Every structure is written in structure tokens, then in C-alpha cells.
**Student:** 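Input: one structure, supplied below.
Nothing here was measured: the structure is a model prediction, and the numbers come from that model. Quick note on labels: first sequence line is chain A, next is B, and so on, each numbered from 1. Hydrogens, waters and symmetry mates are skipped; everything else that's a heavy atom, side chains included, is used.
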2 protein chains.
Amino acid sequence: MADDTALPETSTHGAPRDADRQRLLAHDRHAHILALLRRTGSLTVAAAAAELAVSDMTIRRDLVELEREGRLVRIHGGAIEADNPPLVAMDSEEPSFDSRLRQRRDPKAAIAAAAAALVSGYRTIAMDVGTTTYLMAEHLKDLPHAKVFTNSLRIAALLNGGVPEVYVAGGRVRADEMSTGGPTAIAQFEALWFDVAVIGVSGITVDGLFDYSFDDTDMKRAYLRRSGTKIVLCDSAKFLRMSLVRIAPLSDIDILITDAEPPAKIAAALAAAKVDLRIAPPLTRD
Amino acid sequence: MADDTALPETSTHGAPRDADRQRLLAHDRHAHILALLRRTGSLTVAAAAAELAVSDMTIRRDLVELEREGRLVRIHGGAIEADNPPLVAMDSEEPSFDSRLRQRRDPKAAIAAAAAALVSGYRTIAMDVGTTTYLMAEHLKDLPHAKVFTNSLRIAALLNGGVPEVYVAGGRVRADEMSTGGPTAIAQFEALWFDVAVIGVSGITVDGLFDYSFDDTDMKRAYLRRSGTKIVLCDSAKFLRMSLVRIAPLSDIDILITDAEPPAKIAAALAAAKVDLRIAPPLTRD
DNA sequence: ATTTTTGTTTGAAAATGTTTGATCATGCGA
DNA sequence: TCGCATGATCAAACATTTTCAAACAAAAAT
């Protein structure tokens, strides 16, 4: 009973719908509120409370949260639509991506912030799919002079309206990840050269980088082939975990950003492969 | 619905009367005042107070605030329009996707539903950008055996997780519209053949179809070139309105779906061009 | 397996802040 | 000058914030 090693065994078998049943209800309410708001452009607290059969207080707390996310503007007595188009169409319920986004959010956010600072000087930035790269993209909205290339429609949508120009690869859209892939998409990016590529992985061992999806690995390899600086984002839960497909050996990358010191074996392998290992400092909670 | 769950205190009966006094947000009142002002160019305090069912003092305070924002000029007894266009800078730009989505929503929804029914038998469906096509895509979520091709990331995101396979064209992402374009994107779709293409326009005259934006017209032409059946969606507000770019003559299309009988001139031109004109029936309100 | 603990969400009540309408003294325009 | 709009002031109505307790679920402990 004195196990100090807390491996996340319990999280693997836990069904996600049990875990956030309340969350989903609140999430539904938020979606409903936004839908009401879009009908007429404004919304009173009392009307929303009556419509959703909850108390005024609950609506107010919802509005506070939604305002923090930039999805509406709160005014006395209710709320009006946000001036800028936030991320509009992309807020559909996406169980797998959203739940992954919630898992280990703080480490990922720390890695994302560090990676964003690192690439801010580059002009052409290639961005892979994944939750960590998605969080990173939020930091790139105001980046001047940058062109962002990605096969993630989520990242494209997030950066829409921001400063950098965005280019997406064309091709079949994968349902869960909202990423494009296939020969056409890869061929499109094979013709380009990126100053820097940012890749997400699902596992890393001394043998290299791993991913669980066939569809995305080819694109990841293309990013690695066609870019100058190759950055991998990998939170510490992924150390020593293999997945279906090996993307590349460690020697193919330049920088690895993570949130905690890796196991000695991996640290040694990274050093042997001349990979620049960077530990992102934890973010101060706001 | 006479069953009040736990709110006996509040005397708000469910009758959504329009004359709800305190229910109107200050923000909405301001918008209403500005609308009244634009109608005739001037406005008396008494008239506004009567129209909005509030006291004179409230109107005066509103006018003070609106004058501070530069949106009108206060005079003795009321207000007149501001000389210079203060916020018009935002409005004079092409309207945002969200605001266009709100404009004429019901006609667009009717057209979208009719178009969705029309294409449900086809296997490969090309979909243009625009609010009407976006509304139409909502109906395609459950379409079996269909492949949808689009340069709208909004539509791709909307259909994500639905039944049909989605393919997007790759290229530079236009802000707000979230559409891809440019030679790469067009070249990608030039290599394909679609059973049916659904195009949105911003104006239609006897001379043909028109659109706001340079960026999108080339893609629209590609859709028309590379598809068997060519459908145009056009709500009745767009009749006899020209825009920046002419996309194509009327003879290039097969079916036009709109929400009301077009002017005689256009009806004649459509008949001469052998275009199948269809009036979408209004939707029954849910 | 059951109970306790812990954390989260929701609604209710009190305290505080805002908005609104009425009253009245003042000032502008005919 | 007279009439009427205006701005100031205050009370009432309303909205908001804060705080707290109940309900509930997840995690931990027995």
C-alpha cells in the first residue's frame, strides 16, 4: 500500500462519460446559451434562466466563464455577442479530442508556451496535429511575419483572424482529429521548405518517436524531411511508451520540449542523438 | 407547463409579451434608438420614450452615452445623426460571416434544406463557401455513401464526425470566411470530377453570377468546370445585384434555388439559359 | 463492499452596486 | 415672458457579487 509510484493505471480503464457527466451538462448549457445568443445577438440572464430551467446564479456563472473564453461579452442584465469571431464553427462536441485536451492540461500548456517562444523568430512554421500543438497555436495568434503550415483544421481555425498567414494541406479530413492526410496532402507540403517544424508524438523510447495513427505518421515524416529545425513536443507521461508506428529515430530531431526530467535511459539516448532537451517551466496559475 | 418546479417566488408568467418593460437590455435600447434615428435622421426624446416604453430620463441618459461614443449628436429636444461615420468603418467592410449568417436566416435555411434534398442522391458533392452552403451542410451530416469536397473549413468542421467523407482543398486560408484558395487549391480539385457542385453567389443579374471576392471566384469557376450538375443557391435579396467579379454567365449553370419568384427580367434570362428555377418552400418554424 | 472524505456544482440569502423613474430647480428657445 | 426641455437628486427596483449550505459524485479509507 506504500506505492509512491502513481502510474495512471486508473485513468486508462475509466470511461470518459462517467468522468465528466456533470461537465457535459454544463457544457451543454453553455452551448445552449451561445445558441440563444446567436438568435438575436443579445440575451438576458432572466430569459436564459427560464429557458434552461436553472437559477439566475448558474446563468451568471456560465456567462462569466464564457466571457473568459472570449465567446461573448457580458453586460448589465445579460450578454451580447463577442465583437471578434472567436473560433466559431469549431466548438462541436468532440469527445476524444476534448478529453485529451483536458488530460494533463497544465504540462501541455507549459510545453506549448515554451515551444511558442522558441519558434517566434521563425518565418515559416509547420505545425503537426495534436493537443499540445493546438495549445501552442494559441500563442501564435499575434506572431508577425509568420506563415503557418498545418494539416490540422483545428489549428487553422484557431489562427483564423490572427496575424499569421495560414496554409492547410488539402485532402481527406480525418474525423477524430480534424486533420488532413493522404498522398495529396503530403505531396503539397513536400514541395515546400519550412524553417521549423513542430511535431507531436504519442510515445518516445530510446528507439525513437512513436505514434498510434497510420494516417498521421506519413505527414509527420514529411514535416521532418522538409524543415530546418525539428522540434518535438512530448509531455512526460509519454516517456518509455511505444505506440503502433515508429515515426523516426531520435537522431532525426533537433529539439525535444517536455515538462519533466526524462528517465536516465532516454536522457542518454537523447544526448547520444545530439537532441537539445528542454524542460518547460511550469506556468504560474492565473 | 403550469408546473413550476421550484420558482414560486418569481411572478414571471411564461407569456413572452413584447412589452416587457425592464426586460430590454440597455444595449438593445441603444441599438433601437440608433435604428429609429437612422429612419428619419432625427429623433425626439418624447417619441423615443413612447416607442421604447421607458421614461424621458432614461432616453436622455442613453443619448448622453451615445453622444459620448460619437454615434449621434444631441440637440435640444432630441438628437440627430452624427455627421461623420464613427463606427461605420467596421460596418463598411464586408460583413462578417456571423452577421451574414444572421441576415435573412429563414430564406437561407429554406434554400439550404431544398438544396440538401436535391443532392442527397449524388455520390460526390462539391460545396462552395458561403452562409447558405454552410446551412446546407448541416443537412448532409447523415448522408450515406457521399463524399463531400469543399474549400470551406467551416463546412469541413461542421461535417466532421458525420457520415460523409470530407475532403478539403489545401492552400492559403482566407480569414473570416475560412476558405482555402489559390492555384494549389484549385489545381487539386481540377484533377477531380464531381457529380454535383453547389455554388453560392453574392449577386445575380441577366448578365450572370457575381461575387464579392476575387479569391473565391476562381474556385467557383473550377467547381462549375469540373462537375456534372451545377446548382446555384441565391436568396431573393441578391436578385439584380451586381458585385465586384462576374463568375459566369447564367448558361453555365443547371439549377438555381431561391426563396421567392425572381423579377421578370431574370426569370426570362434564366429560361433562355435553360436554367431550372426552383423556389424553396418556407420552412415550418420548429 | 460500505463508509468517510474531498471536491464540485448548484441554489438561496445578504450585502453591495447599477439602473430607472419621479420630482424639482434651472436654463434654453420662441 | 412663458413653456418646456434639461440636469440633479433621491428612492425604488433590479442586477451583481459574495458567502454559505445542500446535493451529488469521485476518490480514499475502513
**Student:** How many angstroms lie between CZ in A/Arg38 and CD1 in A/Ile33, if you round to the nearest 0.5 Å?
**Tutor:** 12.0 Å
**Student:** Using atom NE2 of A/His30 as one end and atom P of C/dT9 as the other, report the distance to the nearest whole Å.
**Tutor:** 10 Å
**Student:** For B/Arg29, enumerate each residue passing the salt bridge (charged side-chain N to carboxylate O under 4.0 Å, His left out) test, keeping only those at least two apart in sequence or located in another chain.
**Tutor:**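 B/Asp62.
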**Student:** In this structure, how many angstroms lie between the C1' atom of C/dT20 and the CD atom of B/Glu65, rounded?
**Tutor:**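 Result: 14 Å.
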**Student:** Atom CD1 in A/Ile125, atom OG in A/Ser120: separation rounded to 0.5 Å?
**Tutor:**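 The CD1 atom of A/Ile125 sits 8.0 Å away from the OG atom of A/Ser120.
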**Student:** Measure CD1/A/Ile59 against P/C/dG11 and give the value in whole Å, please.
**Tutor:**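 So the two atoms are 9 Å apart, to the nearest Å.
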**Student:** B/Arg68 CZ to D/dG7 P: how many Å, rounded?
**Tutor:** 13 Å
**Student:** What is the distance from CG of B/Leu63 to C1' of D/dG7, rounded to the nearest Å?
**Tutor:** 14 Å
**Student:** Between C1' on C/dT20 and CG on B/Asp28, what's the gap in Å once rounded to a whole number?
**Tutor:**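 Taking atom C1' of C/dT20 as the reference, CG of B/Asp28 is at 17 Å.
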**Student:** Go through the structure and list residues passing salt bridge (charged side-chain N to carboxylate O under 4.0 Å, His left out) with A/Asp276, not counting sequence neighbours.
**Tutor:** A/Arg278
**Student:** Between protein and nucleotides 24-30 of chain C, map the contacts as a letter string: B base, S sugar-phosphate only, - none, heavy atoms under 4.0 Å, written 5' to 3'.
**Tutor:** -------
**Student:** Run the side-chain contact (heavy atoms from CB on, under 4.5 Å) test against A/Thr205 and tell me which residues pass, sequence neighbours left out.
**Tutor:**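 Per chain and number, A/Thr205 pairs via side-chain contact (heavy atoms from CB on, under 4.5 Å) with A/Asp207, A/Phe210, A/Met242.
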**Student:** Between A/Ser243 and A/Asp211, does a side-chain contact (heavy atoms from CB on, under 4.5 Å) hold up when you go through it step by step?
**Tutor:** CA-CA 5 Å; A/Ser243 265; A/Asp211 194 62; 5.5 Å; no
**Student:** Sort me out a list of protein N/O and nucleotides 17-20 of chain D N/O pairs below 3.5 Å, or just none if empty.
**Tutor:**
unit_1 : atom_1 : unit_2  : atom_2 : d
D/dT17 : OP1    : A/Arg74 : NH2    : 2.8
D/dT17 : OP2    : A/Arg74 : NH2    : 3.3

**Student:** What residues, two or more places apart in sequence or in another chain, satisfy salt bridge (charged side-chain N to carboxylate O under 4.0 Å, His left out) together with B/Asp235?
**Tutor:** B/Arg104, B/Lys238
**Student:** Round to the nearest Å and state the distance from A/His27 atom NE2 to C/dT8 atom C1'.
**Tutor:** 17 Å
**Student:** Between C1' on D/dT6 and CG on B/Asp62, what's the gap in Å once rounded to a whole number?
**Tutor:** 15 Å
**Student:** Could you pull out the closest heavy-atom pair between B/Val173 and A/Ala156, with the gap in Å?
**Tutor:** CG2-CB, 4.4 Å
**Student:** Using every non-hydrogen atom in the two residues, find where A/Leu63 and A/Leu72 come nearest and quote the distance to one decimal.
**Tutor:** O-CD1, 3.7 Å
